[in-house]
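Each ligand, and each atom within it, is numbered from 1 in the order the structure gives. None of these values were measured; they are calculated from a predicted model.
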Amino acid sequence: MTANNRIVLSSDHAAIPLRQVIADHIAARGWEVVDIGPTSPESTHYPKHGEAAARRVATGDCRLGIILCGTGQGIMMAANKIKGIRCGVCADAFSAGMIRQHNDANMLALGARVIGEGLALEIVDGFLNAEFEGGRHAMRVEMINALEG
Ligand code: RB5
């Protein structure tokens, strides 16, 4: 683990309880959790929460980010609009490891209406236990980084 062991967490209203479970889990693993909310169960808008979390990662304030909404899809789309962010939605632990190993993902998105707590924690562990492999994957990640609209 590098000097920066902070992980930012955020979600929309659909995922607040699961976000809390994940926060406790990764804190127990020794990571510093930066949970930027929201805490109110009132309906809110996933793009602004995805953006806020993504900016924490893009600036280097947090090494990684985990974001959640009902499906994980909308908040992932928002986060990926921020330069330097590579975020994937995962519903299985294998993919969560692979997006670190091959794609150098710096954010993970989860769907609280798609997966249960046990699977969510397996996916989080798959993401956190993996490291970018570099090598032939580095050029491909650079190709992603170079893409502009
Ligand atoms: C909110 O109802 C829902 O649309 C949101 O959580 C997410 O699933 C969108 O991608």
**Q** In plain terms, say whether R100 and E131 are close enough for a salt bridge, that is, a side-chain N and a carboxylate O under 4.0 Å apart.
**A**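 Yes, charged N to carboxylate O under 4.0 Å.
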**Q** List ligand 1's nitrogen or oxygen atoms that come under 3.5 Å of a protein nitrogen or oxygen, with the partner atom and distance.
**A**
{"from": "ligand 1", "atom 1": "2 (O)", "to": "R113", "atom 2": "NH1", "distance (Å)": "3.2"}
{"from": "ligand 1", "atom 1": "6 (O)", "to": "D12", "atom 2": "OD2", "distance (Å)": "2.5"}
{"from": "ligand 1", "atom 1": "6 (O)", "to": "G70", "atom 2": "N", "distance (Å)": "2.7"}
{"from": "ligand 1", "atom 1": "8 (O)", "to": "G70", "atom 2": "N", "distance (Å)": "3.2"}
{"from": "ligand 1", "atom 1": "8 (O)", "to": "T71", "atom 2": "N", "distance (Å)": "3.0"}
{"from": "ligand 1", "atom 1": "8 (O)", "to": "T71", "atom 2": "OG1", "distance (Å)": "3.3"}
{"from": "ligand 1", "atom 1": "10 (O)", "to": "T71", "atom 2": "OG1", "distance (Å)": "3.3"}
{"from": "ligand 1", "atom 1": "10 (O)", "to": "G74", "atom 2": "N", "distance (Å)": "3.0"}

**Q** Going by the rule side-chain contact (heavy atoms from CB on, under 4.5 Å), which residues pair with Q73 if we only count those two or more places apart in sequence or in a different chain?
**A**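 Scan of Q73 (side-chain contact (heavy atoms from CB on, under 4.5 Å), adjacent residues dropped) gives T71, M76, M77, V89.
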**Q** Does one side chain, of R86 or N145, offer a donor that lies under 3.5 Å from an acceptor on the other?
**A**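 N145 and R86 do have a side-chain donor-acceptor pair below 3.5 Å.
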**Q** Check side-chain contact (heavy atoms from CB on, under 4.5 Å) between P17 and all other residues, then give those that pass, not counting sequence neighbours.
**A**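 For P17 there are no side-chain contact (heavy atoms from CB on, under 4.5 Å) partners, ignoring immediate neighbours.
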**Q** Which pair of heavy atoms, one from A112 and one from A14, lies closest together, and at what distance?
**A**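 Nearest heavy atoms, A112 then A14: CB-O, 3.6 Å.
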**Q** Holding to side-chain contact (heavy atoms from CB on, under 4.5 Å), I want the full list of residues that pass it with I36, two or more places apart in sequence or in another chain.
**A**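 Per chain and number, I36 pairs via side-chain contact (heavy atoms from CB on, under 4.5 Å) with V8, S10, V34, A52, A53, R56.
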